[in-house]
Amino acid sequence: MSNDHLQSVLAQTAEERFEYFLDAVGEEREIWILINSDEHFLKLHGEEDGGFEYLPIWPSSDFAEHYSQDCAEDSNELTPKSIPLPQFLNRWLPGLDKDGIEVGVFPGADNSVWISEPKDLEQNLRDELARF
């Protein structure tokens with residue numbers, strides 16, 4: 001991916017990046033997260049509504065890696081990890097829902113992010129897959 005394309009997508013609003021995410025994941029059939037050297041996934045904390053935890057996810061390794069290098073505090077330990085879409089839909093989202101963890105879809109360089117309940121994101125992704 002060219003740096004110009006990466007920067008132009010990152011400059012979009014959270015809602016535009018959410019739409020980009022759905023389209024890209026619908027085509028590629030994988031989700032990207034960041035993990036540390038102990039294989040623990042990155043969880044972030046939102047400040048709204050008294051605070052909440054969320055799992056940040058990206059549509060490609062390029063965007064996840066860019067976030068880890070430019071935005072994450074412990075960036076030297078974070079590496080992108082792919083999760084196949086069926087596994088994300090069938091195991092990750094139900095687990096996140098059970099644990100009360102929301103999903104932060106495609107955080108941007110400006111720290112804006114589209115926060116979604118796991119069940120809502122599952123429906124959005126299944127609707128996107130129905131288009132293909």
Next item on the list: Could you pull out all residues at least two apart from E102 that satisfy salt bridge (charged side-chain N to carboxylate O under 4.0 Å, His left out)?
Entry: none
Check: Are side-chain heavy atoms of E19 and D23 found at a separation under 4.5 Å?
Finding: no
Notebook entry, point to check: Got a sec, which residues hit side-chain hydrogen bond (donor to acceptor under 3.5 Å, both in side chains) with S82, two or more places apart in sequence or on another chain?
Noted result: E30
Checklist line | Results of salt bridge (charged side-chain N to carboxylate O under 4.0 Å, His left out) for K43 - residues two or more places apart only | finding: E53
Margin query: Tell me whether E16 contacts the main-chain N or O of T13 through its side chain, where contact means a donor paired with an acceptor under 3.5 Å.
Written below: yes
Next item on the list: Work out which heavy atom in P107 is nearest to a heavy atom in I57; give both atom names and the distance.
Entry: CD-O, 3.6 Å
Margin query: Using the side-chain hydrogen bond (donor to acceptor under 3.5 Å, both in side chains) criterion, which residues pair with E15? Sequence neighbours excluded.
Written below: none
Next item on the list: Could you tell me which residues satisfy ring-ring contact (aromatic ring centres under 6.0 Å, His included) with W114, sequence neighbours excluded, listed by chain and number?
Entry: F18
Check: Between V25 and P59, which heavy-atom pair has the shortest distance, and what is it?
Finding: CG2-CA, 4.2 Å
Check: So how far is it from S68 OG to L78 CG, rounded to the nearest 0.5 Å?
Finding: 6.0 Å
Check: Just wondering, do L42 and L55 contact through their side chains at under 4.5 Å, heavy atoms?
Finding: no
Next item on the list: Considering non-hydrogen atoms only, spot the tightest contact between P118 and D97 and give its length.
Entry: CG-N, 3.7 Å
Next item on the list: Would you check, one step at a time, whether the test side chain to side chain contact (heavy atoms under 4.5 Å, CB included) holds for Y54 with I115?
Entry: CA-CA 8 Å; Y54 66 91; I115 299 294; 3.8 Å; yes
Check: Atom CD of E65 and atom OG of S60: how far apart are they, to the nearest 0.5 Å?
Finding: 9.5 Å
Check: Considering only heavy atoms from C-beta outward, does the side chain of I35 approach that of T79 to under 4.5 Å?
Finding: yes
Margin query: Could you tell me if the side chain of W58 sits less than 4.5 Å from the side chain of I31, heavy atoms only?
Written below: no
Next item on the list: Using ring-ring contact (aromatic ring centres under 6.0 Å, His included) as the criterion, list what pairs up with F21, not counting sequence neighbours.
Entry: none
Checklist line | Centroid-centroid under 6.0 Å between W32 and F63 rings | finding: no
Next item on the list: Please list, chain by chain and in numerical order, all residues satisfying side chain to side chain contact (heavy atoms under 4.5 Å, CB included) with L129, sequence neighbours excluded.
Entry: R29, L85, L89
Note to self: Applying side-chain hydrogen bond (donor to acceptor under 3.5 Å, both in side chains), can you list everything that pairs with R131, at least two apart in sequence or on another chain?
What the structure shows: E128
Note to self: As a quick check of understanding, evaluate side chain to side chain contact (heavy atoms under 4.5 Å, CB included) for V105 and L121, giving each step before the final call.
What the structure shows: CA-CA 9 Å; V105 179; L121 181 58; 4.1 Å; yes
Check: Less than 4.5 Å apart, any side-chain heavy atom of D62 and any of Y67?
Finding: no
Next item on the list: Identify the two heavy atoms, one from I33 and one from P56, that lie closest to each other, and give their separation to 0.1 Å.
Entry: CG2-O, 4.1 Å
Next item on the list: Give the minimum heavy-atom separation between A64 and L34, together with the two atoms involved.
Entry: O-CD2, 3.6 Å
Check: Sequence neighbours excluded, which residues qualify as side-chain hydrogen bond (donor to acceptor under 3.5 Å, both in side chains) partners of D120?
Finding: none
Checklist line | Candidate pair H66 and Q7, rule side chain to side chain contact (heavy atoms under 4.5 Å, CB included), full reasoning | finding: CA-CA 10 Å; H66 180 272; Q7 294 301 327; 3.5 Å; yes
Next item on the list: Report yes or no: does N36 contribute a side-chain atom to a donor-acceptor pair with the main-chain N or O of D38 at less than 3.5 Å?
Entry: yes
Margin query: Do H45 and F52 have side chains that approach each other closer than 4.5 Å (heavy atoms only, starting at C-beta)?
Written below: no
Notebook entry, point to check: Taking only residues two or more places apart in sequence or in another chain, which ones pass side chain to side chain contact (heavy atoms under 4.5 Å, CB included) with S2?
Noted result: D4, H5
Check: Does Q87 have any side chain to side chain contact (heavy atoms under 4.5 Å, CB included) partners at least two apart in sequence or in another chain, and if so, which?
Finding: I83, P84, R91, W92
Checklist line | With sequence neighbours excluded, residues passing side chain to side chain contact (heavy atoms under 4.5 Å, CB included) with N90 | finding: P86, R126
